[in-house]
Amino acid sequence: MDWNRTIRQVHRWLSIIFTATVVANFVAMALGEPPSWVVYSLLLPLFLLLFTGLYLFALPYAAIGRGARRTGGYE
């Protein structure tokens, strides 16, 4: 199993879920005072996005630390 690929895919799906919860939150606010579970439903995908995003951000630096050749992404 390729963990980097799996985490990248999870990060993409979490971004879709987070966007949907933001839209739902704005719709609920437009209709009146939203219930607290609607307001706080944003936090779980947001924190999961934070952790997966930090992991994906650190991947190139970890590869350099393991001795991988730095290409700069332009080759």
Side-chain angles (χ1 to χ4, degrees):
M1 180 177 213
D2 186 13
W3 283 104
N4 295 340
R5 188 177 204 165
T6 302
I7 290 180
R8 189 175 308 274
Q9 190 67 30
V10 166
H11 187 77
R12 288 177 184 153
W13 279 105
L14 282 171
S15 67
I16 293 170
I17 292 168
F18 178 72
T19 303
T21 56
V22 168
V23 169
N25 199 348
F26 278 111
V27 168
M29 281 193 231
L31 297 175
E33 184 67 28
S36 61
W37 67 269
V38 173
V39 174
Y40 293 121
S41 66
L42 296 168
L43 294 179
L44 179 62
L46 180 63
F47 284 125
L48 293 174
L49 273 171
L50 172 71
F51 294 128
T52 57
L54 287 174
Y55 175 80
L56 292 172
F57 178 77
L59 277 179
Y61 300 106
I64 291 171
R66 289 190 308 262
R69 188 173 68 98
R70 184 185 299 206
T71 62
Y74 298 109
E75 295 178 8

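Owing to the predicted nature of the structure, the values given are computational and were not obtained by experimental measurement.
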Steps toward side chain to side chain contact (heavy atoms under 4.5 Å, CB included) verdict (I16, W13): CA-CA 5 Å; I16 293 170; W13 279 105; 4.1 Å; yes
Mind checking side-chain hydrogen bond (donor to acceptor under 3.5 Å, both in side chains) for T21 and listing every partner two or more places apart, or none if nothing turns up? none
Under 3.5 Å, which donor-acceptor pairs link side chains of residues 30-59 to any protein atom two or more places apart or in another chain?
{"unit_1": "S41", "atom_1": "OG", "unit_2": "V38", "atom_2": "O", "d": "2.7"}
{"unit_1": "T52", "atom_1": "OG1", "unit_2": "H11", "atom_2": "ND1", "d": "2.6"}
{"unit_1": "T52", "atom_1": "OG1", "unit_2": "L48", "atom_2": "O", "d": "3.0"}
{"unit_1": "T52", "atom_1": "OG1", "unit_2": "L49", "atom_2": "O", "d": "3.3"}
{"unit_1": "Y55", "atom_1": "OH", "unit_2": "N4", "atom_2": "OD1", "d": "2.6"}

Please round to the nearest 0.5 Å and tell me the distance separating atom CG of D2 and atom CZ of R8. 9.5 Å
